[in-house]
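Notes follow the structure.
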Amino acid sequence: MKEFQKDLIDWYIKNHRPLEFRLKKDPYEIWISEIMAQQTRIEAMLPYFKRWIQQLPDIESVAKCDDEKLNKLWQGLGYYSRCKNIKKCAIECVEKYSGKLPCTKEELLKLPGIGPYTAGAIASIANGQRVSAVDGNVIRVFSRLYNIFEDVTKTSVKKQIEELVDESLPSKEEISYYNQAIMELGALICIPKNPRCELCPVKKYCDAKDPGSLPYKAKKKMRKIEYKHLYILVHKDKVHVVKRADTGLLAGLYGFDETKPEHIIESIELEPYIHIFSHVEWHMDATLCIVDREDSNYKTVEEIEEHIAMPSAFMPFMKQVKEYLWKK
DNA sequence: AATCCGGGGCT
DNA sequence: AGCCCAGGATT
């Protein structure tokens with residue numbers, strides 16, 4: 001049992017970044033920010049968070065917000081099921097908890113989209129409950145503090161680290177600072193590559209001989225490559241957008257046709273583009289097809305930019321279509 | 001236990 | 001060209 005908590009919290013109080021979404025300790029804002037921050041850098045989610053809170057100030061406003069608008073607010077953040085789960089969770093809070101989030105980690109864990117980390121973060125940071133919040137930062141910091149060289153992607157090793165964190169928890173009064181402090185140490189000092197050990201407030205407690213090599217993770221599998229040919233149908237100043245299936249990759253967002261239309265007046269080949277996801281690559285070619293009719297799924301560029309949620313994978317093509325329509 | 005699910009910045 | 005990121009759900 002180490003005794004680094006005081007040094008760590010003192011360092012945190014002096015050196016932490018002022019993360020605006022945690023200043024008010026509003027459980028709703030903590031919740032939204034934690035979901036947005038999953039597998040996402042703080043700087044990347046911040047503008048999304050500001051815009052979201054501006055338009056959806058409380059849980060009830062989320063519960064009754066249109067799915068299309070929620071997706072548009074999430075456009076570009078990735079992992080879109082997070083957004084779907086936020087709405088499911090908001091509705092459940094309205095129906096079962098009179099429009100509020102439950103207080104304890106145990107109750108929070110039952111809600112959609114809220115796992116062990118997020119439940120612990122909300123309970124400890126917003127409500128001062130004495131529970132852990134183990135994210136990637138905490139895994140890294142503890143694997144170095146205790147010189148754990150086993151594969152942290154294994155369930156057993158992650159569980160082992162969670163037990164160490166649970167044993168390390170300070171009093172209820174300090175729990176909010178403590179959980180944030182470990183994460184902030186991981187974000188600023190105990191970083192993945194070239195850790196800044198000379199600045200570390202808990203260096204004297206650290207067992208790592210080669211901190212830069214920890215935590216160990218098994219190599220990931222190679223990405224699968226998929227080939228796609230898009231047909232981007234254009235009539236006058238409108239573009240045909242296609243809503244994607246409600247399950248699978250980019251569920252519920254909008255893309256373009258992937259089958260050739262019948263009546264093409266003119267076709268123009270667009271510049272190809274390769275989009276890289278974590279687990280798959282899309283090698284895409286695209287044909288802009290001028291057609292002689294339209295229906296309600298044809299939208300102007302302005303309508304698309306304002307209301308249609310389109311993932312980053314299609315943006316290079318959207319840009320080319322926009323340039324074509326602009327030159328015309 | 002392994003796989004799915006985004007996107008972007010850093011090395 | 002990988003790796004990583006204030007992870008969680010699904011299979």
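Here the structure is a predicted model, which is why all the values come from computation and not from measurement. A, B, ... follow the sequence lines: proteins, then strands. Residue 1 opens every chain.
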Distance, rounded to the nearest Å, where A:I225 contributes CD1 and C:dA1 contributes C1':
13 Å
Let me know the distance between CD of A:Q39 and C1' of C:dA9, rounded to the nearest Å.
13 Å
Looking only at non-hydrogen atoms, find the nearest pair between A:L70 and A:V62 and report the distance.
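Closest pair (atom of A:L70, atom of A:V62, distance): CD1-O, 4.3 Å.
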How close do A:F149 and A:Y216 get, heavy atom to heavy atom, and via which atoms?
O-CB, 3.6 Å
With a 4.0 Å cut-off on heavy atoms, is [X] in touch with a base, just the backbone sugar-phosphate, or nothing at all?
{"X": "A:T40", "value": "base"}
{"X": "A:Y79", "value": "base"}
{"X": "A:T118", "value": "sugar-phosphate"}

Taking ring pair (Phe, Tyr, Trp, His ring centres under 6.0 Å) as the definition, give me every residue that meets it alongside A:H275, ordered by chain and number, with sequence neighbours left out.
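Once residues adjacent in sequence are excluded, the partners of A:H275 under the ring pair (Phe, Tyr, Trp, His ring centres under 6.0 Å) criterion are A:Y273, A:F277.
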Decide if atom NZ of A:K6 counts as having more than 12 heavy atoms of other residues, nucleotides or ligands within a radius under 6.0 Å.
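Counting other residues, nucleotides and ligands, NZ of A:K6 stays at 12 neighbours or fewer.
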Which one, C:dG7, C:dG2, B:dT3, comes nearest to the side chain of A:K221?
B:dT3
Considering just the side-chain nitrogens and oxygens of A:R140, establish if one lies under 4.0 Å of OP1 or OP2 belonging to C:dC5.
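For C:dC5, OP1 or OP2 has a side-chain N or O of A:R140 closer than 4.0 Å.
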I want to check one thing: is the phosphate of B:dA1, taken as OP1 and OP2, less than 4.0 Å away from some side-chain N or O of A:T155?
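Checking B:dA1 against A:T155, a side-chain N or O does come within under 4.0 Å of OP1 or OP2.
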